[in-house]
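Within every chain, numbering begins at 1; the chains are lettered A, B, ... in the order of the sequence lines, protein sequences first and strands thereafter.
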Amino acid sequence: MADYSWPPMEKRRLIGKPHSRLDGGLKASGKAKYASDYFSKDLLFARMLTSPHAHARVVKIDVADAKSLNGVTAVRVISPAGTEIQWAGTEIAAVAATSEEIARDAIRRIKVEYEVLPHLVKEEDLAAAGPRAKASGEQVTGDPDKAFQEAEATIEGMYSMPVITHCCLESHGQAIEWKEDGMNYWPSTQNVSGIGGDIGTALKYPPDKIHVHMDNVGGGFGSKFAADRWGVECAQLSKESGGKPVKLMLERDTELMIAGNRPSAYAKIKVGAKKDGTITAWQSESWATGGIGGGGSPPLPYVFTEIPNQRKTHSAVSINAGGVRAWRAPNHPQASYLTCSALEDLAAKLNMDPIDLFDKNLALTARAEVYRAQLKKAAELIEWKKNWHPRGQSGSGTEKHGLGLAVNTWGGGGHASTCLTTIHPDGTVEVELGSQDLGTGTRTIITQVAAETLGLPMGAITLKIGDNSYPKSGGSGGSTTVGGVSSSTRKSTVNALAKLFDTVGPAMNTPADQLEAVDGRIQVKGNASKSMTWKAACAKLGVNKIAELGVNDQKKPEGLNSSGVGGVQMAHVKVDTETGIVRMVRFVAVQDIGLVINPKLADSQIHGAIIMGICGALMEERVMDQQTGRMLNADMEFYKLAGIGDVGEIISHLDITPAHDKRGVVGLGEPPSIGVIASIGNAVANAIGVRVPQVPLVPKRVLAALGERRA
Amino acid sequence: MSAKPPSSENESNVSKKRKSNGVSRRGFLSGVGVGSGALGAGVLGSTVLPETAEAATQVGPAAVPITLRINGKPVNLTVEPRVTLLDALRNRLDITGAKRVCDRGTCGACTTIMNGKVVYSCTVLAVDAQGKDIQTIEGIATNGKLHPVSTAFVNNDGQQCGYCTPGFVMAVKGFLDRHPDPTYEDVEKGLGGNLCRCGTYVGVRKAALEAAKEMKGARRG
């Protein structure tokens with residue numbers, strides 16, 4: 001059986017090196033194409049009419065005026081009379097026309113009569129949710145009543161974070177060309193191999209006749225796996241327009257309202273401990289919403305799962321707002337925030353340094369030694385000893401500095417993936433996978449692995465991804481892509497190379513298993529003088545090419561990838577107590593990630609995850625209005641993201657050691673995004689001496705918390 | 001917290017302010033903090049009026065033939081007066097480097113350079129762009145070689161999904177054209193008008209500084 005194991009660290013030429021992303025030049029010159037860039041001479045433009053009401057029944061819909069408008073090619077009623085609408089932004093009708101302006105005019109001509117029904121769009125007051133809140137049964141471990149009675153210190157706190165949305169810069173959508181003998185589908189997706197089947201099922205159209213192609217996707221973050229109603233309607237519009245291609249991208253407000261969000265998290269938490277900081281008891285009453293279906297259940301207590309005595313309840317609140325989708329590390333940022341906030345408050349109550357409190361209780365986690373080493377490293381990088389002070393003791397000025405920390409954990413094993421490597425007699429090499437590069441650098445790391453295995457420069461590999469005519473690869477979610485595609489590529493290229501050795505072995509009078517590929521040559525192992533060039537070796541193939549598959553089985557990674565990581569994150573903030581404005585000074589992430597294929601791209605992933613977390617900690621929030629049932633900030637002026645001046649200094653530290661490396665490749669997209677909000681919230685509490693009970697930490701909340709302390 | 005950059009209408013407002021502090025093309029708004037109504041105050045300032053008056057010749061409402069000078073070449077097209085420069089580029093001319101993200105002058109993904117000034121092409125009407133030099137990201141490479149700003153984005157990995165990147169590259173170019181020797185703080189202020197969701201700002205900051213150095217060297221050489 002072939003040896004697929006990764007080459008030893010010291011022998012790697014390309015794996016583990018900080019190569020710039022291969023498609024960087026295309027992106028930085030505007031040449032990279034996205035679904036939303038699709039263009040053809042006969043392209044039609046589609047727009048949708050969406051519901052202004054959070055809860056309503058469609059009584060009547062009249063599209064005759066829209067249909068009669070010159071330039072309109074098709075009108076679809078998506079929600080016919082009788083349909084019950086459960087959230088504002090629901091798709092009501094769609095129009096295709098020869099220009100976007102005409103499509104917009106046609107949408108205005110559609111007349112809809114609604115019967116408006118009562119709605120609930122806010123969940124922060126659990127009591128007010130009434131029957132819309134569904135409680136799960138109480139979970140009890142040990143004897144929490146006794147433990148709280150015996151506790152030498154207890155804290156009680158209320159912590160909450162709102163629903164936030166994905167806000168992918170390329171909104172959701174696609175272009176589709178419907179032909180009876182084959183459909184062309186250009187989606188913006190995280191799921192190139194799977195999305196054709198999804199739309200095919202919905203349309204009752206043979207999936208094997210649907211050709212999916214996507215070169216680039218402008219952000220997904222968990223929200224772009226399915227074909228969605230807008231995909232299905234776009235296909236129907238194309239069909240009804242005589243098979244001309246139709247492009248339908250969501251408008252920004254619709255994207256923010258209905259194309260996915262992260263559930264909120266609210267919790268009343270009580271923690272009991274001994275004087276020395278040993279945690280003995282946990283109690284939490286939590287609730288959350290992810291839309292009409294409820295949703296969101298943060299695993300509590302997070303990381304410190306083995307607290308001996310626990311009592312927990314959780315309620316899922318159903319509200320009339322757009323539904324949840326996977327959002328970078330589903331449930332984990334909420335759980336980390338709720339847990340680490342309570343632990344920081346406990347440390348403050350005990351007059352302990354929170355690092356000591358976290359360290360003291362690491363036996364309650366699944367990877368004590370990993371976290372212990374990370375706490376030390378992170379403290380060093382953020383200069384904790386120099387900069388930390390007990391809560392609230394940050395001097396008499398109005399600018400208060402504070403430090404805070406949090407922990408994370410994630411899986412990140414490789415998804416199912418198949419790779420095809422073809423070696424042609426002229427020496428060219430093609431590597432094909434039905435995968436996608438979300439901007440994580442998937443193209444680059446696949447090429448590094450293939451070139452490393454074949455002993456070739458990266459430029460000698462022609463990589464083809466982003467098309468469902470290539471072998472199937474999983475959707476990009478859960479930090480599973482890098483493990484999946486690197487493993488399948490390794491196996492496929494090892495298999496192809498073995499075939500090449502079989503061909504050239506006789507010519508070199510050497511058994512195939514005694515050959516190796518090094519620096520563009522095939523040579524006898526360890527003997528560069530007995531070699532032939534890659535090109536000459538491939539010429540021996542005559543008219544035959546080599547085409548070999550490699551498969552990563554999610555359940556049998558064979559040592560190439562694994563899962564299960566920990567990380568520690570620390571924040572340094574400054575707070576202006578007169579304005580309530582929180583500014584980032586420095587953020588440190590120490591992350592355990594297994595074998596690192598490209599540290600430059602890994603750093604970018606961590607930086608990005610932290611910046612996304614800074615947005616969530618300081619500004620992002622979906623604001624719902626109970627009066628109208630609408631999202632008040634469905635635009636990018638008031639759905640706020642951090643700008644370049646808002647993020648401070650960011651330091652990432654990758655644990656690159658032989659011990660980590662031997663675990664194989666582990667995904668990195670999610671874990672560093674988890675503890676950011678928690679650590680910033682803790683840093684602010686440390687700075688101003690009081691807990692701000694709700695994120696994002698916008699000035700009004702900071703000032704309110706300060707006001708309460710003064711009162 | 002991002003400062004709102006100017007749309008084309010209030011460039012004159014910005015120029016005046018720029019002279020006074022010499023740093024940021026968006027300086028006039030950088031002091032306006034979290035969640036404030038910055039946009040209203042900036043756009044409706046009285047300095048808007050003279051430019052608006054100049055362009056007051058009535059066109060439309062039907063589609064009108066226009067000529068745009070894009071990357072040095074005249075291009076003829078027919079658009080309704082309500083069509084933005086961004087939509088004219090993307091929907092009619094297949095020039096797709098500028099992206100439509102917020103479509104209302106917030107995010108900078110559609111940044112182009114018009115008569116040497118950085119503009120959001122979603123807030124410029126195509127009919128108003130006539131007679132002006134419009135530079136898009138497709139027009140900044142020379143002889144098939146990446147522009148130094150683009151190269152710096154690659155070197156410093158100032159991009160992930162890449163959707164904000166063309167706008168960011170144009171914003172950096174426009175910024176460096178006016179501020180060839182910026183400090184780190186200048187970069188943070190001057191580029192406050194572009195948003196990224198993947199979180200590439202660490203790379204973008206480095207890219208802007210590296211490009212500044214590179215372009216200065218090239219001018220000297």
Considering only heavy atoms, which portion of [X] lies under 4.5 Å from any heavy atom of chain B: side chain, backbone, both, or neither?
X	value
A:Glu101	both
A:Leu169	both
A:Gln605	both
A:Lys33	side chain
A:Tyr38	neither
A:Thr440	neither

For B:Arg197 and A:Glu620, run salt bridge (Lys or Arg N to Asp or Glu O under 4.0 Å): C-alpha distance rounded to whole Å, both residues' side-chain angles, the deciding distance at 0.1 Å, then the answer.
CA-CA 12 Å; B:Arg197 184 50 156 166; A:Glu620 265 189 278; 2.6 Å; yes

- request: Write out, in numerical order, the residues from residues 17-29 of chain A with a heavy atom short of 4.5 Å from a heavy atom in chain B.
  value: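 If one takes a 4.5 Å heavy-atom cut-off, the residues of residues 17-29 of chain A near chain B are A:Ser20, A:Arg21, A:Gly24, A:Gly25, A:Lys27, A:Ala28, A:Ser29.
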
| query | Once you round to the nearest 0.5 Å, how far does NE2 of A:His607 lie from SG of B:Cys198? | reply |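 If we round to the nearest 0.5 Å, A:His607:NE2 and B:Cys198:SG are 14.0 Å apart.
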
Quick check for you: to the nearest 0.5 Å, what is the distance between A:Ser36 atom OG and B:Arg100 atom CZ?
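Result: 9.5 Å between the selected atoms.
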
Note to self: When you measure from the side chain of B:Lys189 to the backbone of A:Gly645, do you find a donor-acceptor pair of N or O atoms at a distance under 3.5 Å?
What the structure shows: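 Absent.
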
Any donor-acceptor N/O pair, B:Tyr163 side chain to A:Tyr34 backbone, under 3.5 Å
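No.
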
* Asked: If you tally heavy-atom pairs under 4.5 Å against chain B, which of A:Ala32, A:Gly219, A:Cys167 wins?
  ->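 Among the listed options, the one with the most contacts to chain B is A:Cys167.
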
Determine, step by step, whether A:Glu637 and B:Arg104 satisfy the side chain to side chain contact (heavy atoms under 4.5 Å, CB included) criterion, reporting the C-alpha distance in whole Å, the side-chain angles of both residues, the deciding distance to 0.1 Å, and the verdict. CA-CA 8 Å; A:Glu637 282 148 276; B:Arg104 51 197 288 175; 2.5 Å; yes

When only heavy atoms count and the cut-off is under 4.5 Å, which of residues 77-87 of chain B reach chain A?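 Expected list: B:Glu80, B:Arg82, B:Val83, B:Asp87.
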
Task: Heavy-atom side-chain proximity of B:Asn194 to A:Ile644 below 4.5 angstrom - done: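 No, too far: nothing below the 4.5 Å cut-off.
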
- Query: Are B:Arg205 and A:Val647 side-chain neighbours, meaning at least one heavy-atom pair lies under 4.5 Å?
  - Reply: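 Yes, close enough: below the 4.5 Å cut-off.
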
